[in-house]
Amino acid sequence: MAQQSIADWAVGDVDAFFGHFGDDATVQGTSAADGSVRRDLGFYMALGQVPEVTECQQTVESTIRCTATTTDDLSRSLGAETIVHWIIRVEDGSISSVDWDFPPSDLDPFDIINDMAACIPTNHSDVFDSALRATIDRCDAGDF
């Protein structure tokens, strides 16, 4: 189930990914039923984020730790890869929690994302204002 949920993430299938979760499941300590969790993770899936699992092992009963090398449509073109540990707990046939651990690295993927996000309004303010700036009419899940 752990590997299948990661595979669903890799193909961007938000519904299938969350379909593995139990009713009380959490993601990084927040309820998976929280709409912002679904939107946030859907955003990364929409970026074409592909975690390639290199190994999975059971760490304690019902908990699987998978190591994956991850790229997305933005970082892939830069040759940037991120190692991510997926910690997935399964109870009663469903995922009860998912957490991620990022081992220390010289390359922080969030620095790249922040730099790229800052580049758009700075260097392409016309595109940012017309298509990306959050307004009262443009700030829902579809706009992601």
Side-chain angles (χ1 to χ4, degrees), residues 1-124 127-128 131-144:
M1 181 176 294
Q3 289 178 324
Q4 183 58 54
S5 66
I6 296 170
D8 291 337
W9 178 293
V11 297
D13 193 335
V14 177
D15 292 333
F17 177 77
F18 281 99
H20 299 286
F21 286 64
D23 293 338
D24 297 325
T26 61
V27 175
Q28 294 287 109
T30 301
S31 171
D34 183 318
S36 66
V37 170
R38 188 179 182 93
R39 282 192 306 274
D40 287 351
L41 299 185
F43 171 77
Y44 288 104
M45 289 182 220
L47 278 178
Q49 195 174 73
V50 177
E52 293 187 25
V53 175
T54 55
E55 75 170 320
C56 285
Q57 59 184 352
Q58 186 169 344
T59 56
V60 294
E61 187 176 344
S62 303
T63 302
I64 307 299
R65 181 183 180 97
C66 294
T67 300
T69 302
T70 304
T71 61
D72 58 50
D73 291 344
L74 300 175
S75 65
R76 201 173 296 115
S77 64
L78 301 173
E81 296 178 335
T82 305
I83 304 298
V84 180
H85 300 295
W86 293 64
I87 299 99
I88 300 173
R89 183 167 179 82
V90 177
E91 296 176 357
D92 299 325
S94 297
I95 292 175
S96 61
S97 67
V98 174
D99 293 283
W100 293 279
D101 175 40
F102 297 84
S105 170
D106 292 338
L107 180 65
D108 184 338
F110 297 104
D111 287 344
I112 293 172
I113 292 168
N114 289 336
D115 288 348
M116 294 180 82
C119 172
I120 296 169
T122 300
N123 297 308
H124 305 285
V127 173
F128 182 77
L132 300 173
R133 184 179 300 282
T135 67
I136 196 70
D137 299 323
R138 185 177 57 231
C139 198
D140 64 18
D143 294 321
F144 260 125

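Scope of the values below: all heavy atoms of this structure, side chains included, with no hydrogens, waters or symmetry mates.
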Evaluate whether atom [atom1] of [X] has more than 12 neighbouring non-hydrogen atoms of other residues, nucleotides or ligands under 6.0 angstrom away.
| X | atom1 | result |
| --- | --- | --- |
| E55 | CD | yes |
| D24 | CG | no |
| Q3 | CD | no |
| E91 | CD | yes |

Which heavy atom of [X] sits nearest to which heavy atom of [Y], and what is that distance?
| X | Y | result |
| --- | --- | --- |
| Q58 | V60 | CG-O, 3.4 Å |
| P51 | I6 | CG-CG2, 3.7 Å |
| D72 | Q49 | CB-CA, 3.7 Å |
| T71 | A80 | CG2-O, 3.6 Å |
| V53 | C66 | CG1-CB, 4.3 Å |
| A32 | V27 | CB-CG2, 4.0 Å |

With rounding to the nearest 0.5 angstrom, report the [atom1] to [atom2] distance, [X] to [Y].
| X | Y | atom1 | atom2 | answer |
| --- | --- | --- | --- | --- |
| I64 | I88 | CD1 | CD1 | 8.0 Å |
| Q57 | T67 | CD | OG1 | 7.0 Å |
| Q4 | F17 | CD | CZ | 11.5 Å |

Self-check item: Verdict with reasoning, S5 to H20, per side-chain hydrogen bond (donor to acceptor under 3.5 Å, both in side chains)
Solution: CA-CA 7 Å; S5 66; H20 299 286; 5.6 Å; no
Side chain [X], main chain [Y], donor-acceptor under 3.5 Å:
| X | Y | answer |
| --- | --- | --- |
| R76 | G48 | yes |
| T63 | T59 | no |
| S31 | T26 | no |

Quiz prompt | Cationic N near anionic O, under 4.0 Å, D99 to R89 | solution = no
Practice problem: Take S94 and D92 through the test side-chain hydrogen bond (donor to acceptor under 3.5 Å, both in side chains) and record every step on the way to the result. | Solution: CA-CA 6 Å; S94 297; D92 299 325; over 6 Å; no
Self-check item: Side chains of W9 and L41 in contact at under 4.5 Å (non-hydrogen atoms)
Solution: yes
Self-check item: Residues forming a side-chain contact (heavy atoms from CB on, under 4.5 Å) with V84, sequence neighbours excluded
Solution: T70, T82, W86, W100, F102
